[in-house]
J.: 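Structure provided below as structure tokens; questions to follow.
Treat the numbers as computed from the prediction; the structure is a model and nothing was measured.
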Amino acid sequence: MKLIICSAAIIFSIVLSMSAFLVQQENLAYLLLVNVFLLFHAWCRQANLAPLIKLFFIQSLVTVGLYALLYGGERLFEAIIVVTRIILVMLPSWWLACTQSSHQISQVLGLLLPTKWAFVVTTSIKVLPFIGQEVRDIYHIQCLRGARITPKELINPINWYELVQCVLFPLLIQLLSLSKHIAHSANQRHFDKSSKHTHWPFN
């Protein structure tokens, strides 16, 4: 039953993410309502929403700021629509990572994909909450060091380069280091030595 629920959750999240790009603009409100319900469901499962909200806030600020810088105030509504679609693409995957266990996702994907690809996709999904936490930690540390990346200072486009240099570059380095550790851990567990793979807890 758990695998059936996990399979339905994977299909549901994929459909929702694709719909964020495919639905007409007038139907985005209905899709947004569904994603708000997903946020509430994840919150009921003790998911930490604060890093996700801060990440969306920064992404929205940068996108709207770029539109305002390039086109002025005449295309701000278009910028808001773009921001909304990006958020609606990311939210279902984050919800899936917060509500479903990694071994169940891996088992379901293993029925459709080669084992290596199932492992890569499952790991990528489960690392999404970690990215939000890392962004928050790096952001707070850089603010304590005096970086000009507070919301008030980011109103000035000159400080956007500092945001990229102080937050996005360290985040990229951290993710590369994490991927190296995951690959090393998989090799230590002889991941590719057996044709029949097990999942924890053992199946």
Side-chain angles (χ1 to χ4, degrees), residues 1-65 67 76-113 117-140 151 167-168 171 174-175 178-179 182 199-201:
M1 179 59 69
K2 289 184 178 180
L3 287 181
I4 293 175
I5 295 175
C6 183
S7 302
I10 292 173
I11 296 173
F12 184 59
S13 63
I14 292 174
V15 171
L16 276 183
S17 294
M18 293 176 58
S19 300
F21 285 123
L22 298 178
V23 299
Q24 299 295 323
Q25 182 174 311
E26 55 269 18
N27 295 324
L28 275 179
Y30 300 108
L31 198 59
L32 186 61
L33 187 62
V34 174
N35 280 270
V36 169
F37 174 77
L38 295 185
L39 274 177
F40 177 74
H41 179 247
W43 176 75
C44 292
R45 299 285 296 269
Q46 280 81 46
N48 187 8
L49 303 184
L52 181 73
I53 294 173
K54 290 181 180 180
L55 178 63
F56 285 159
F57 175 77
I58 295 173
Q59 183 263 330
S60 303
L61 187 66
V62 172
T63 303
V64 174
Y67 265 81
L76 285 182
F77 181 73
E78 182 180 340
I80 294 174
I81 296 299
V82 170
V83 167
T84 303
R85 290 187 184 273
I86 293 175
I87 291 175
L88 293 180
V89 168
M90 296 174 59
L91 259 177
S93 298
W94 175 85
W95 167 79
L96 180 67
C98 292
T99 58
Q100 304 298 321
S101 64
S102 57
H103 76 274
Q104 289 174 354
I105 296 176
S106 180
Q107 280 184 291
V108 173
L109 294 178
L111 300 175
L112 306 172
L113 300 173
W117 280 105
F119 175 74
V120 170
V121 173
T122 303
T123 305
S124 300
I125 292 173
K126 295 302 291 186
V127 84
L128 286 175
F130 170 81
I131 293 176
Q133 180 66 36
E134 282 298 303
V135 169
R136 184 181 67 172
D137 293 343
I138 293 172
Y139 177 81
H140 286 318
V167 177
L168 297 186
L171 176 65
Q174 188 74 2
L175 292 178
L178 176 64
S179 64
I182 292 174
H199 301 82
W200 177 263

J.: Quick one: pull up CD1 in Ile11 and CG in Leu16 and give me the separation to the nearest 0.5 Å.
T.: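 Atom-to-atom, Ile11:CD1 and Leu16:CG are 12.0 Å apart.
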J.: Please determine whether side-chain contact (heavy atoms from CB on, under 4.5 Å) holds for the pair Ser60 and Ile87, giving the CA-CA distance in whole Å, both sets of side-chain angles, and the decisive distance to 0.1 Å.
T.: CA-CA 9 Å; Ser60 303; Ile87 291 175; 4.1 Å; yes
J.: Carefully, step by step, assess Val23 and Arg85 under the rule side-chain contact (heavy atoms from CB on, under 4.5 Å).
T.: CA-CA 10 Å; Val23 299; Arg85 290 187 184 273; 4.2 Å; yes
J.: Report yes if some heavy atom in the side chain of Val83 is under 4.5 Å from a heavy atom in the side chain of Val64; otherwise report no.
T.: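 The answer is yes; the side chains approach within 4.5 Å.
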J.: Is it the case that the side chain of Ser17 and the backbone of Ile14 share a donor-acceptor pair, with hydrogens and angles ignored and the cut-off at 3.5 Å?
T.: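 Between the backbone of Ile14 and the side chain of Ser17 there is no qualifying donor-acceptor contact (under 3.5 Å).
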J.: Check whether any side-chain heavy atom of Leu96 lies under 4.5 Å from a side-chain heavy atom of Ile10, and answer yes or no.
T.: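 Heavy-atom side-chain distance check passes, below 4.5 Å.
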J.: Indicate yes or no: at least one non-hydrogen side-chain atom of Tyr67 is less than 4.5 angstrom from one of Thr63.
T.: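 Of all side-chain heavy-atom pairs linking Thr63 with Tyr67, at least one is under 4.5 Å.
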J.: If you measure from CD on Gln100 to CH2 on Trp95, what distance do you get to the nearest 0.5 Å?
T.: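 If we round to the nearest 0.5 Å, Gln100:CD and Trp95:CH2 are 6.0 Å apart.
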J.: Taking the inter-plane angle between the rings of Phe37 and His41 on a 0 to 90° scale, is it parallel (under 30°), tilted (30 to 60°) or perpendicular (over 60°)?
T.: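 Parallel, since the angle between the ring planes stays under 30°.
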J.: Is the shortest heavy-atom distance from the side chain of Asn35 to the side chain of Leu31 under 4.5 Å?
T.: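 Touching, per the 4.5 Å side-chain cut-off.
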J.: Could you tell me whether the side chain of Tyr30 reaches within less than 4.5 Å of the side chain of Asn27, counting heavy atoms only?
T.: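 Touching, per the 4.5 Å side-chain cut-off.
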J.: Just wondering, do Ile86 and Phe21 contact through their side chains at under 4.5 Å, heavy atoms?
T.: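 Of all side-chain heavy-atom pairs linking Ile86 with Phe21, none is under 4.5 Å.
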J.: Are side-chain heavy atoms of Trp94 and Leu39 found at a separation under 4.5 Å?
T.: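 Yes - at least one pair of side-chain heavy atoms lies under 4.5 Å apart.
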J.: Just how far is it from atom CD of Gln25 to atom OG1 of Thr84, taken to the nearest 0.5 Å?
T.: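 Those atoms lie 9.5 Å apart.
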J.: Pair Leu49, Phe40 - check side-chain contact (heavy atoms from CB on, under 4.5 Å), show working.
T.: CA-CA 9 Å; Leu49 303 184; Phe40 177 74; over 6 Å; no
J.: Measure the spacing between CG of Leu32 and CG of Leu91 and express it to the nearest 0.5 Å.
T.: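 Leu32 CG to Leu91 CG: 8.5 Å, rounded to 0.5 Å.
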J.: Which value, rounded to the nearest 0.5 Å, describes the distance between Glu134 atom CD and Leu178 atom CG?
T.: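 These two atoms lie 8.0 Å from each other.
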